[in-house]
Structures are given as C-alpha cells and as structure tokens.
S.K.: 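First the structure, which I've put down as structure tokens, then a few questions once you've had a look.
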Amino acid sequence: MGKISFIIVMFAALIIPIVMARFKITNVPTAVAEIITGIILGKSVFNIVIQTESLQMMSTLGVMMLMFLSGMEINFDLFKKDPTKKKDKGSSPLNIAVTAFVVVLICSVVLAGVLQVTGLFPDMLFAVLLFSTIALGVVIPTLKEKDILNQPAGQTLMLTAVLGEVVPMMALTIYASVNGGNAGRLWLIVLLFVAAIFLLRRFKKPFIWFNQISKATTQLDIRLAFFLIFTLVAVADDVGAENILGAFLAGMVMKLLEPAEATEKKLTSIGYGFLIPFFFIMTGVKLDLRSLFADPHGLTLIPVLVLCFILAKLPTLFVFRRSFTKKNAFAGGFLMVTTITLVLPALQVAQNLHTITALQSDAFVLAALIACVLGPIGFNSLYHLSDADRVKERVVILGANVATIPVTRQLSKNWYDIRVATDLKDNYQTYRNKVANLTFLPKIDVDSLKKGHYFDTDLMVVAFEDSDKNARLAQIAKDQGVNRVIAAQGNPDQGNGQFDKLRAQGIEVYNPFNVNISVLRTMIETPVVLNMLRNTEDEFFTATVRAAKYVGQPLAALPSVNKVTVSKIFRHGQTISPDEGTVLEEGDQLFFAGPRNIAEKLQSALK
C-alpha cells in the first residue's frame, strides 16, 4: 500500500497542472490545488493515500526546498533606498512596505487578543505569527503575471510580502525555542547569521569560478545549493532553531551569491517540479475535515480565522494609497491576504511542540486555503496598470550628438525613462530644445555622475567621440552597479584589445561603422528591410520576451504578429532567423518592424 500511495501522489503532482491548464484555472495558486487534491485523496474523503516513512521524508524535503526557494525570492537590492526620490521619502517602496507591515502587525495583535479574550484560540503569540504571514511564493508569481514585479507598485507589494515572510520566520524560531525549552540557547541562533555571512564572503568568488568549470555531468551550482541547505539546516538544528529557518537562510545566502539565471531556473525546477508538491499534497492528505466539521468549535473557528486573515491585511490599503490609485490600493491589500507557505510549516512546528491541537491546526490550514484563493482572485480582478507601471526601463545616455539625439527622440516614452548628459557646451546649446531631459555637466566623472544619480539606471549608453573616454566611463558605470552598459568604440582592428577587455567586463560594445555594415548586410539578406526603411509608416523596434504566458509559445501566438515583420531573434548570444513555428524562450530579444501603434502594443504584451 505504501508504494501505491507514493505512485498516486506522484501521479497527482503530474496531473494537477494539466487539469488546471485544460480548464484554464489561473486565479487559484497551484499550491492550493495540490492541497485540495491531497484532501480528496486523504482521510477526509477517499482515504486512498496513507502516510508512509518515504512520503513523510519527501514531504520534509519538500518544505525545506520551499523555504529555500522563498529565501532565494528575496531581492536585496529592493531594500536600497532610491536616492532620486529624496524629496518624497515617505513614498518610496521600502518606506511604504515597512509602514504597511507595521499596520499588519498591529492588526494581528488586536485580532489575536480578541481570539484570546473570547476563548476561541488561547495562544496569542502564535496567532499573531500566523495572521502576519504573507505568502511570498504566491505573491511573486501573481505580480509577474501582471508584469509589475520590477515597477514601483510591484516592488512595494513584494517588499511587504518579504517582511511578511522574514519577520514571522524569526518570530517562529523564538516561539519554538521558548516552547521547546531552548530559550537559554536563543543567542546561539546568531550563529546562523554568522555562518551565512562567512559562507557569503568565503564562497562568492569561487561560485563565479564554479559557473565557469561546471558542466552537465557535475552541476556544481546545484551541488553547492544543496550543500548550503543541509549545512544550515544542521546548524539550525544544533542551536535549537527550526530546520526551516536554516533552509530559508540557505536560500538567502544563495541569492547573495548572485547565482546565474540558469541556476535559479534549475533549482526552481527541482523544487516545484519534484519535491514541493509532496509537501502540499501530503498536507491535504493529513487533514481530517470530517472530525473538524463534526466539532462545533471547529466549525465556528474556520470563518472567524478567515475573517482574521482578511482583516489583518486589508487596512494596508490606507498605506498603499500614498502611491497607488484607490482601486489598486484595495487590490494590493487583497493580495496581502494571501498566506499559505509559512502557515503550513509553522503549524507543523506547533504540533510537534504540542502547543496546538490537531483540530486547531486543521482549522488554520482550511482558513489559510480560503484566504489564499481570495487574495489572488481579488487582486487580478481589481488591479489595473497605471502610468507608473508602464515605465519599463531607465536609460542614461552620456554624449549628445548626431548619433544619440535621434535615437533618444525615437525611443517610446511609454517604455523608456531617458536622461541625457553632455560636457560639451556647444552640443548642449544645439540640442537642448530637442531633448526634454538634457543636462550640461562641466565635467563628467564619477563624482558628478554620482551627484546627479546617473548610476541609478537600468541601462547606460556612453557615446562620446573619444573611445578611451567611453571605455573609462563605461568601466566606472559597471563598477557602480549599472546592469547594462553600452559603449561606443573605434575600429576593433586597431590592435589595442579594447573591445575584448570591455566585453570581458560585461560591457556591450558597438562600432558606428560596423553598425552601418550590419544594416547593409541585413538589407541584402532580408530584402523586405529595404522596403521598411523606405516606408515612413514602419519603424524598427525591439522587445524582450518577459511575459510568462508567451514563454514556450510559438511566434504565431503573439498578438498582431501578422501585422509586423520579425526579422531576427537574439537568444543566448546567437541570432535566429524565425518563422511562425519558432518557440519563444524567456529573455529572447525580438527585432521587428511595423506601424508604431501596433508595434508598441506588441512590446506591451511581451514585457
């Protein structure tokens, strides 16, 4: 029977996403569907899956992987204040998120106090812990689907969810230590953070080296990840903390090591594709809803807990109103109601400590399930993209000349926030009436660029006539943390190796003469381009595939793609000549031409 149960759970994990895709169930998180399936398979309904040691082990590995990936979801750059918004500090994503979570904590304390006074749930500290949790693993995919994860609104909601996962996680560790008789060893938990910092400082550079020497048969990045998980879990267990805290910290350390995007995808595949479904399905299998519904106290507790999960988070809408529209603020508050990922491990810990009954645990799980369904549905129904959400990329161009100014004027203002700076007085006088955001800097160096916050950008283009000057400023920009840097350079055949040096540092290099040659070659290889250049109604555009719903879809599935001409796809450093059946991958860069209104809609759909 044990082997059959294992196979049934594996089959359920396979069939659940297929069924959800077939019936277009998009508003319900997969985790919720897996728990509901577990309820049907378990003791609450058909009782065809039994708990075995192997399933319990896989469930434990699943929760550890879930917490590890939750730790990896934290983008620490979001905690850096944006210096360009000093005049309105209260409206920064970080400040709004902190204020919103403080509101959540206050509401959670009030609600937990009411439950304690009425006798519905006596453990006030544990109730505060559960009411204040936010499911980061559900919030992030929901924001990605709306394509606002990297926008101010998305960052605000994500930071609030990060606090709603990290703070309750620390509180759970203290709760477990106190109730487990290890209160005197709380100070040892600091060792976890010391270990994390040590691993970060010790292994950051070797991790870069790992990526260089790793191959298909070694997968050193994955070996490192699991080494971190089991090492920090062991440390957590030895100091009296919960193993899920060790796994969570391992994820944070892995994120700080700046793994490649491919590494994150592989770990996500292992987690959500194999281990994590065991945890969610077995959570449903262990639920005993028959006993819960047969108990009057349990029936009373369920709607009360659902209401508490909602009331603890909805007041955040008054905080989100600082930078959201009224409707979007209400939608954001509804998304914060989502809570499942930390609630389940926390209930498991509490049951192991015998501080909560099985009946109370089942009531909390069912209430969290209901809240987890309501949150994303309410958000997706109410949230509408604002103008701020449509600003996709910040661009700084150093150098105002005949090459950069026309490009600046042609870039869509809906997708790019552009700033231009020059140190040539004559050029500034010539172009200042043609470019809205052109600044004259008497001297362009690291100090003047820092003072003007020019390094706070997604992309910097350095396009002066002096190649050495461009190389120097491009290297400075890269050192200051600018993600993408493009530098103009002279003839690469001069023999000084400047092209190769810059490219080795991750700087994109172009030569104006070679660009003209490339355009001519493209015209020869793709004659239709000549017609596009002559046709004033058509313009050239580029877009990067980010929208999840088009990843894995053929090119023909894109909206209005028949009204534009896609000439090239740039993927992993290689150029692809596409056709209608070309399957799109995340990060593909499409080069196409067509009428501006149609092309901009296509850009919007892909981002």
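The chain is numbered in sequence order, starting from 1. In what follows, every heavy atom counts, from backbone to side chain, and hydrogens, waters and symmetry copies are set aside.
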S.K.: Restricting to side chain to side chain donor-acceptor pair (under 3.5 Å), what partner residues turn up for S54, sequence neighbours left out?
M.R.: T52
S.K.: Carefully, step by step, assess F121 and F364 under the rule ring-ring contact (aromatic ring centres under 6.0 Å, His included).
M.R.: CA-CA 11 Å; F121 189 73; F364 266 108; 5.1 Å; yes
S.K.: Which pair of non-hydrogen atoms, one from I244 and one from P345, has the smallest distance, and what is that distance?
M.R.: CD1-CB, 3.6 Å
S.K.: With no hydrogens and no angle check, is any side-chain donor or acceptor of E34 less than 3.5 Å from a backbone partner on I281?
M.R.: no
S.K.: Please find the pair of heavy atoms, one from A153 and one from Y383, that lie closest to each other, and give the distance.
M.R.: CB-OH, 3.2 Å
S.K.: Taking C-beta and beyond as the side chain, do L232 and F248 meet within less than 4.5 Å on heavy atoms?
M.R.: no
S.K.: List the atom of F131, the atom of K313, and the distance in Å for their closest heavy-atom pair.
M.R.: O-CE, 2.7 Å
S.K.: Can you find a pair of side-chain heavy atoms, one from L335 and one from L157, that are under 4.5 Å apart?
M.R.: yes
S.K.: For C308 and L115, what are the C-alpha separation, side-chain angles and deciding distance, and is it a side-chain contact (heavy atoms from CB on, under 4.5 Å)?
M.R.: CA-CA 9 Å; C308 287; L115 292 186; 4.3 Å; yes
S.K.: Would you say T341 and E165 are linked by a side-chain donor-acceptor pair, where the criterion is simply a distance under 3.5 Å?
M.R.: yes
S.K.: May I ask you to test the T316-V104 pair for a side-chain heavy-atom distance under 4.5 Å?
M.R.: yes
S.K.: Below 6.0 angstrom between ring centroids: does that apply to Y175 and F126?
M.R.: yes
S.K.: Do the side chains of L342 and M67 get nearer than 4.5 Å, heavy atoms only?
M.R.: yes
S.K.: Give me the atom names and distance for the closest heavy-atom approach of L105 to S132.
M.R.: CD2-CB, 3.9 Å
S.K.: Pairs of donor and acceptor atoms involving the side chains of residues 267-279, under 3.5 Å and at least two apart or interchain, shall be tabulated with distances.
M.R.:
from: T268; atom 1: OG1; to: E264; atom 2: O; distance (Å): 2.8
from: S269; atom 1: OG; to: K265; atom 2: O; distance (Å): 2.8

S.K.: Does V32 have any side-chain contact (heavy atoms from CB on, under 4.5 Å) partners at least two apart in sequence or in another chain, and if so, which?
M.R.: V28, P29, I36, L369, C372, V373
S.K.: Does the side chain of L292 come within less than 4.5 Å of L366's, by heavy atoms?
M.R.: yes
S.K.: Return the CE to CD1 distance between M10 and I8, rounded to the nearest 0.5 Å.
M.R.: 13.0 Å
S.K.: When you look at F226 and M64, which way does the side-chain contact (heavy atoms from CB on, under 4.5 Å) test go after all the steps?
M.R.: CA-CA 10 Å; F226 280 97; M64 288 168 56; over 6 Å; no
S.K.: For P259, is there any backbone N or O sitting under 3.5 Å from a side-chain donor or acceptor partner on T263?
M.R.: no
S.K.: Starting at CG of L301, measure out to CG of L359 and round the result to the nearest 0.5 Å.
M.R.: 7.5 Å
S.K.: Look at the side chain of R394 and the backbone N and O of Y416, then say whether any donor-acceptor pair between them is shorter than 3.5 Å.
M.R.: no
S.K.: Side chains of M282 and Q56: does their closest heavy-atom pair fall under 4.5 Å?
M.R.: no
S.K.: If only atom types and distance count, is the side chain of D295 paired as donor or acceptor with the main-chain N or O of S291 below 3.5 Å?
M.R.: no
S.K.: At what distance, to the nearest 0.5 angstrom, does CE of M72 lie from CE of M65?
M.R.: 8.5 Å
S.K.: Between the side chain of N328 and the main-chain N/O of F324, is any donor-acceptor distance below 3.5 Å?
M.R.: no
S.K.: Show the nearest heavy-atom pair for residues A97 and L163, with the distance to one decimal.
M.R.: O-CD1, 3.8 Å
S.K.: Knowing that exactly one of L344, T133, V138, I134 qualifies, which makes a side chain to side chain contact (heavy atoms under 4.5 Å, CB included) with T339?
M.R.: T133
S.K.: Is there a side-chain contact (heavy atoms from CB on, under 4.5 Å) between L136 and V162? Walk through the geometry before answering.
M.R.: CA-CA 6 Å; L136 181 63; V162 167; 3.9 Å; yes
S.K.: So do the side chains of F379 and L143 get within less than 4.5 Å of each other, counting heavy atoms only?
M.R.: yes
S.K.: Hey, could you give me the CG/CE distance between L111 and M124, rounded to the nearest 0.5 Å?
M.R.: 10.0 Å
S.K.: So how far is it from I50 CD1 to S5 OG, rounded to the nearest 0.5 Å?
M.R.: 4.5 Å
S.K.: A side-chain contact here means heavy atoms from C-beta on lying under 4.5 Å apart; do F320 and T156 qualify?
M.R.: yes
S.K.: To the nearest 0.5 Å, tell me how far I39 CD1 sits from L289 CG.
M.R.: 5.0 Å
S.K.: Check the pair L55, V9 against side-chain contact (heavy atoms from CB on, under 4.5 Å), reporting the backbone distance first and the verdict last.
M.R.: CA-CA 9 Å; L55 283 174; V9 172; 4.1 Å; yes
S.K.: Taking all atoms of both residues into account, what is the closest heavy-atom pair of L130 and A346, and its distance?
M.R.: CD2-CB, 3.8 Å
S.K.: Are any side-chain N or O atoms of S44 and backbone N or O atoms of L287, one a donor and one an acceptor, separated by less than 3.5 Å?
M.R.: yes
S.K.: Is a side-chain N or O of R290 found less than 3.5 angstrom from the main chain of F293, in a donor-acceptor match?
M.R.: no
S.K.: So, does T283 use its side chain to make a donor-acceptor pair with the main chain of I35 at under 3.5 Å?
M.R.: no
S.K.: Is it true that a side-chain atom of T355 and a backbone atom of A350 form a donor plus acceptor pair closer than 3.5 Å?
M.R.: yes
